[in-house]
Amino acid sequence: MTAKSNSELKFREMTPDDFGALRELYFNVWGYYRPESYDRWRYLSNPIGICPVALAVDGDRLAGAYTLWPTPLRIAGKKMLGAQSMDTMTHPDYQGRGVFTTLANACYEIAGARGYMTMYGFPNPLSYPGFVRKLGWSHTGDVMHWMRPIKPSRHPKIPDLLGPLADMVAAVLPTGRVGPFEIQSGTPPDEDLQPLLSLWENHHSSCGVDRSLAWMRWRYSTEAENKYRWVTAWLHGEIVAAGVWGMQSDVWGAVADNRAHLVELLGEDPRALSAVLAGVVREASAFGAVLLETVCNVERIEKVLRRAAFHRHRNAPFIVRSLGDANLKSDILDHDSWGIMGGDVDTF
């Protein structure tokens with residue numbers, strides 16, 4: 001089938017009726033299907049609304065799609081609609097023809113009309129030039145990607161002969177001290193979790209994801225297909241710190257791996273955060289994780305990570321773009337004003 005020129009493609013907003021075609025496009029681009037329940041959660045069930053998605057349509061098939069993931073933001077103390085850039089896809093028959101740029105600008109218009117104000121993202125090396133040079137995004141700085149080995153022998157790049165030795169080294173790495181805290185597994189009640197979320201909002205950066213109860217419950221629900229688990233530290237009957245970690249569910253099949261992701265670490269007391277992290281490391285080890293990773297630029301949390309044998313793996317470029325009020329630009333372009341934790345990243 002001969003692909004049409006860009007001028008003959010139709011560009012429009014996605015509706016729920018396009019869900020099946022969008023999944024088919026993902027398969028054509030990446031070679032596998034994600035779990036359908038995950039895609040429904042990701043595209044259609046966000047508490048803010050369905051994802052703003054621009055589609056390039058060629059007859060009865062999709063030539064490309066550009067997606068923004070609705071994310072509640074707090075910028076300079078104001079709560080507003082924000083989004084992450086995710087799932088940029090061009091069908092192999094249409095690559096190299098500028099479809100990506102047209103789709104992106106169409107998606108920004110869709111999002112702007114729906115009241116979205118700010119976007120952020122973590123582009124890979126291939127997409128970075130397009131975002132910064134063609135689409136008006138600003139690279140404010142980098143956020144560190146942290147890793148901690150747990151069972152290195154399970155990593156495909158570790159030779160079989162070195163596996164046992166690597167596991168022995170990982171086993172003696174510090175994990176953090178539990179100390180006087182009681183560590184519990186399981187989702188904490190709303191009334192116990194809310195104070196920790198308020199502390200994050202009041203004591204952290206002026207720009208970041210708005211961690212409301214509704215957002216947290218949706219973000220780490222079972223439909224996310226990442227086996228998210230809560231670990232909490234208690235002292236004198238009061239919750240003083242909490243963490244969330246996860247691994248891809250078995251329904252991901254061949255694309256699932258053994259990496260565990262630390263996506264939240266909430267609390268003010270470094271000792272309590274260390275105790276939670278110790279619990280997370282133990283649980284991830286019991287689940288057979290090869291490593292535990294996160295993305296973070298919050299200095300207080302980074303100190304806890306380092307004490308638990310996390311090391312700096314690589315810099316993740318952080319980019320932002322305003323969709324509305326020009327007065328926001330000075331706030332979102334200040335890299336140090338952003339507080340980022342693992343769950344704020346679409347994928348890593």
Between [X] and [Y], is there a donor-acceptor pair closer than 3.5 Å when you use the side chain of the first and the backbone of the second?
| X | Y | result |
| --- | --- | --- |
| S337 | D331 | yes |
| S198 | Q194 | yes |
| T140 | H335 | no |
| D58 | R61 | no |
| N297 | I340 | yes |
| E223 | W218 | no |
| D192 | P188 | no |
| E293 | W146 | no |
| N105 | T101 | yes |
| N226 | A224 | yes |

W41 and Y38 aromatic ring geometry - parallel, tilted or perpendicular at 30°/60° bounds: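 If you compare the ring of Y38 with that of W41, the planes turn out tilted.
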
Parallel, tilted or perpendicular, as decided by the 30° and 60° cut-offs, for the rings of W245 and F287: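 Perpendicular.
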
Looking at the rings of [X] and [Y], which for Trp means the six-membered one, are their centres under 6.0 Å apart?
| X | Y | value |
| --- | --- | --- |
| Y128 | H139 | yes |
| Y108 | Y116 | no |
| Y94 | F100 | no |
| W338 | F318 | yes |

Looking at [atom1] of [X] and [atom2] of [Y], how far apart are the two atoms once the value is rounded to the nearest 0.5 Å?
| X | Y | atom1 | atom2 | value |
| --- | --- | --- | --- | --- |
| L265 | L305 | CG | CG | 7.0 Å |
| S285 | K151 | OG | NZ | 7.0 Å |
| R219 | S212 | CZ | OG | 13.0 Å |
| R40 | R23 | CZ | CZ | 8.0 Å |
| L273 | F181 | CG | CZ | 9.0 Å |
| L277 | I183 | CG | CD1 | 10.0 Å |

In one Ile/Leu/Val/Met/Phe/Trp/Tyr side-chain cluster, 4.5 Å: V53, I110: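 Looking at the clustering, I110 is in a separate group from V53.
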
Hydrophobic cluster membership, L126 vs W30, 4.5 Å side-chain cutoff: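 They do not share one cluster, since no chain of ILVMFWY contacts under 4.5 Å joins L126 to W30.
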
Shortest non-hydrogen contact between [X] and [Y], atoms and distance:
| X | Y | result |
| --- | --- | --- |
| M247 | R259 | CG-O, 3.6 Å |
| V240 | A272 | CG2-CB, 3.7 Å |
| P35 | E225 | CB-CG, 4.4 Å |
| A289 | A260 | CB-CB, 3.8 Å |
| A56 | L9 | CB-CD1, 4.4 Å |
| L68 | C107 | CG-SG, 3.7 Å |

Residue among F131, F122, Y120 satisfying ring pair (Phe, Tyr, Trp, His ring centres under 6.0 Å) with W137: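 It is F131; the other options fail the test.
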
Ring pair (Phe, Tyr, Trp, His ring centres under 6.0 Å): pairs with one or both residues in residues 294-314, sequence neighbours excluded: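 Matches after skipping sequence neighbours: H145-H313.
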
Set of residues satisfying salt bridge (Lys or Arg N to Asp or Glu O under 4.0 Å) with respect to R271, sequence neighbours excluded: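 Only D269 meet the salt bridge (Lys or Arg N to Asp or Glu O under 4.0 Å) criterion with R271.
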
Close side-chain approach of [X] to [Y], heavy-atom, < 4.5 Å:
| X | Y | answer |
| --- | --- | --- |
| Y228 | H261 | no |
| L235 | P180 | yes |
| V281 | L292 | yes |
| V209 | R74 | no |
| C51 | M86 | yes |
| M341 | L262 | yes |
| L199 | L266 | no |
| E283 | S185 | yes |

May I ask you to decide whether [X] forms a salt bridge with [Y], counting only side-chain N to carboxylate O separations under 4.0 Å?
| X | Y | answer |
| --- | --- | --- |
| R211 | D344 | yes |
| D18 | R12 | yes |
| R42 | D87 | yes |

Side chain to side chain contact (heavy atoms under 4.5 Å, CB included) between T88 and L103, worked out: CA-CA 9 Å; T88 59; L103 277 171; over 6 Å; no

T67 versus W69, side-chain donor and acceptor atoms under 3.5 Å: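 Note: W69 and T67 side chains miss the donor-acceptor criterion.
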
Check: Y66/S85 side-chain N/O donor and acceptor closer than 3.5 Å: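 The answer is yes; a qualifying pair exists.
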
Stepwise side chain to side chain contact (heavy atoms under 4.5 Å, CB included) test for L323 and M117: CA-CA 5 Å; L323 282 174; M117 300 292 289; 5.6 Å; no

Chi angles and distances behind the side chain to side chain contact (heavy atoms under 4.5 Å, CB included) call for I75, I332: CA-CA 7 Å; I75 307 296; I332 65 175; 3.9 Å; yes

Ring-face cation contact, Y26 with R34, 6.0 Å cut, 45° max: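 Relative to the ring axis of Y26, which defines the angle, R34 lies inside both limits.
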
Hydrophobic cluster (4.5 angstrom, side-chain heavy atoms) - remaining members for V290: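 Reading the cluster by chain and number, V290 sits alongside M147, L291.
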
Derivation of the salt bridge (charged side-chain N to carboxylate O under 4.0 Å, His left out) call for E302 and R307: CA-CA 9 Å; E302 288 180 322; R307 291 168 184 163; over 6 Å; no

Whether over 12 other heavy atoms sit under 6.0 Å from E191 CD: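 Yes, enclosed.
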
Trace of the side chain to side chain contact (heavy atoms under 4.5 Å, CB included) decision for I48 with L81: CA-CA 8 Å; I48 296 177; L81 293 180; 3.5 Å; yes

